[in-house]
Amino acid sequence: MIIVLNKNDQNTIAELQEHFGNTHEVFVHHNRVAVQGIKEADLSASERAAATDIITNVPKAVQGSREFHPEDTVIRTKHSIIGGDNFTMMAGPCSVESEEHIAKMAAVAKANGATILRGGAFKPRTSPYSFQGLGEDGLKFMRKAADEYHMDMLTEVMDDEHVKMVAKYTDIFQIGARNMQNFSLLKTVGKTNIPVMLKRGMSATVDDVLNASEYIAAGGNHNIMIVERGIRTFDNKYTRNTLDVGVVPVLQKLTHYPVIIDPSHASGHTEFVTPLALAGVAAGASGLVVEIHDDPEHAFSDGPQALKPNEFKDLSDKAFAIRELLSTGMPMEQAEAGR
Ligand code: PEP
Ligand code: MN
């Protein structure tokens with residue numbers, strides 16, 4: 001249940017915390033107090049009288065819900081603002097391949113509007129015999145490249161025991177689709193203060209991903225973004241997954257966390273990446289995370305879905321143009337002329 005109070009009613013907030021704090025989970029956000037597992041009859045007369053509204057039908061993932069936290073979460077990192085009215089471009093190779101290569105890809109990403117460099121040093125591969133990532137060396141190379149180009153670093157953490165080590169380097173943790181319900185990993189990153197990009201599992205429902213995000217929030221880390229990266233449907237003959245573009249407005253209605261689109265893993269094929277990305281932007285996503293490579297044929301992983309630098313430029317130009325049109329109602333040149 002969420003008890004909505006008058007602004008600055010600190011006395012009732014304290015009263016509710018004292019009344020329920022030892023037996024129930026109690027969360028406070030400005031003038032809203034969420035108390036898990038109680039009924040209206042459990043409130044004292046003074047608590048009931050102080051409430052301007054009582055919301056009884058709230059999801060289990062209450063901290064992530066709009067009912068508890070109506071305004072958008074805006075995540076601020078050194079070089080990026082994610083969520084709210086902002087649009088954030090993230091790009092980089094699937095895997096960190098070498099010190100030189102990640103720096104080269106950072107240059108391409110930055111030159112085309114990305115403020116966040118993506119890249120995996122620990123790779124969740126379908127086969128144990130496929131390239132597993134460069135490990136800590138990869139993190140070092142990526143940190144250096146991100147710093148050189150004044151970008152934030154986004155990289156996957158796959159195991160609990162690596163969280164501390166990855167935290168030494170990265171600005172944002174990625175939790176991969178396969179680990180979306182690795183609850184112990186979610187709890188561990190939830191105890192850090194590093195933003196988390198949580199990817200929707202390939203068979204996860206909307207409630208599944210929201211509940212997964214709540215494991216992170218439960219630890220005290222509220223800097224969460226949710227990524228749609230394609231789900232499994234009955235047809236994967238022509239695309240790797242199915243981009244659930246409809247989930248963008250659905251998630252935006254239900255949660256205040258930024259919603260990001262990953263068109264690369266959704267499509268699996270370079271030729272489909274840009275149309276899917278643009279559909280995601282048009283649906284109102286807060287950002288894109290895109291895999292790029294200068295020599296996809298020789299990429300260590302996910303080459304078939306990587307965009308070459310000129311292809312990424314095309315995607316990026318169009319994505320920013322759509323975003324401008326959405327926010328100003330005008331094409332970019334017209335909007336710029338009016339400024
Ligand atoms: C990745 O980002 O390279 C990746 C493995 O993504 P996902 O977890 O969505 O498959
Ligand atoms: Mn990949």
Side-chain angles (χ1 to χ4, degrees), residues 88-97 101-102 105 109 114 116-128 130-135 138-139 142 152-159 162 166 170-182 185-186 189 195-204 208-209 212-213 216 224-233 236 239-245 247 251 259-270 272-273 276-277 280 285 287-308 311-312:
T88 309
M89 186 64 87
M90 317 177 202
C94 180
S95 296
V96 182
E97 300 185 356
H101 189 257
I102 190 69
M105 292 303 95
I116 298 176
L117 177 64
R118 68 141 286 148
F122 295 92
K123 296 304 302 175
R125 305 305 301 281
T126 305
S127 162
S130 302
F131 176 63
Q132 303 285 308
L134 295 182
L139 299 176
M142 208 181 162
D152 297 308
M153 168 173 166
L154 159 69
T155 198
E156 175 157 359
V157 59
M158 277 174 57
D159 292 295
H162 288 153
V166 178
T170 200
D171 300 300
I172 304 169
F173 286 124
Q174 172 171 315
I175 301 291
R178 290 157 193 81
N179 264 325
M180 188 204 83
Q181 283 179 314
N182 179 341
L185 177 61
L186 298 176
V189 295
V196 180
M197 194 179 93
L198 176 66
K199 297 185 98 173
R200 180 186 184 186
M202 50 201 91
S203 303
D208 288 339
V209 69
S213 75
I216 303 167
I224 301 170
M225 41 191 137
I226 298 182
V227 181
E228 164 58 33
R229 45 77 74 202
I231 52 173
R232 288 225 164 127
T233 61
N236 63 358
T239 59
R240 185 172 173 180
N241 291 290
T242 298
L243 181 71
D244 180 6
V245 80
V247 88
L251 283 173
V259 180
I260 309 294
I261 288 285
D262 170 350
S264 307
H265 294 87
S267 73
H269 300 275
T270 304
F272 304 133
V273 171
L276 294 193
L288 293 173
V289 55
V290 182
E291 290 189 346
I292 59 173
H293 203 285
D294 54 330
D295 182 12
E297 282 186 14
H298 296 103
F300 288 14
S301 58
D302 283 349
Q305 67 195 32
L307 294 189
K308 288 189 184 159
E311 294 166 333
F312 178 58

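Counting starts at 1 for both ligands and their atoms, following the listed order.
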Can you sort out which atoms of ligand 1 are near Gly176, meaning under 4.0 Å from one of its heavy atoms?
8 (O)
Please say whether His265 places an N or O atom under 3.5 Å from an N or O atom belonging to ligand 1.
yes
Contact (N/O only, under 3.5 Å) between Glu291 and ligand 1
yes
Backbone or side chain, does any N or O of Arg178 fall under 3.5 Å from an N or O of ligand 1?
yes
Run the numbers for me: atoms of ligand 1, each under 4.0 Å from some heavy atom of Lys199, listed by number.
1 (C), 2 (O), 4 (C), 6 (O), 7 (P), 8 (O), 9 (O)
Which of the numbered atoms in ligand 1 are below 4.0 angstrom from a heavy atom of Cys94?
3 (O)
Donor-acceptor pair between Ser301 and Ser95 side chains, under 3.5 angstrom:
yes
Flag the pair His101 / His293 as yes when their ring centroid distance falls below 6.0 Å, and as no otherwise.
yes
Any N/O of Gln174 closer than 3.5 Å to an N/O of ligand 1?
yes
Tell me which protein heavy atom sits closest to atom 9 (O) of ligand 1, plus the residue, atom name and distance to 0.1 Å.
Arg229 NE, 2.6 Å
Metal-centred angle, SG of Cys94 through the Mn ion (ligand 2) to NE2 of His265, rounded to 10 degrees:
170°
Residue, atom and distance of the protein heavy atom nearest atom 8 (O) of ligand 1 read Ala177 N, 2.8 Å
Per residue Asp302, nearest N, O or S atom to the Mn ion (ligand 2) is named OD2
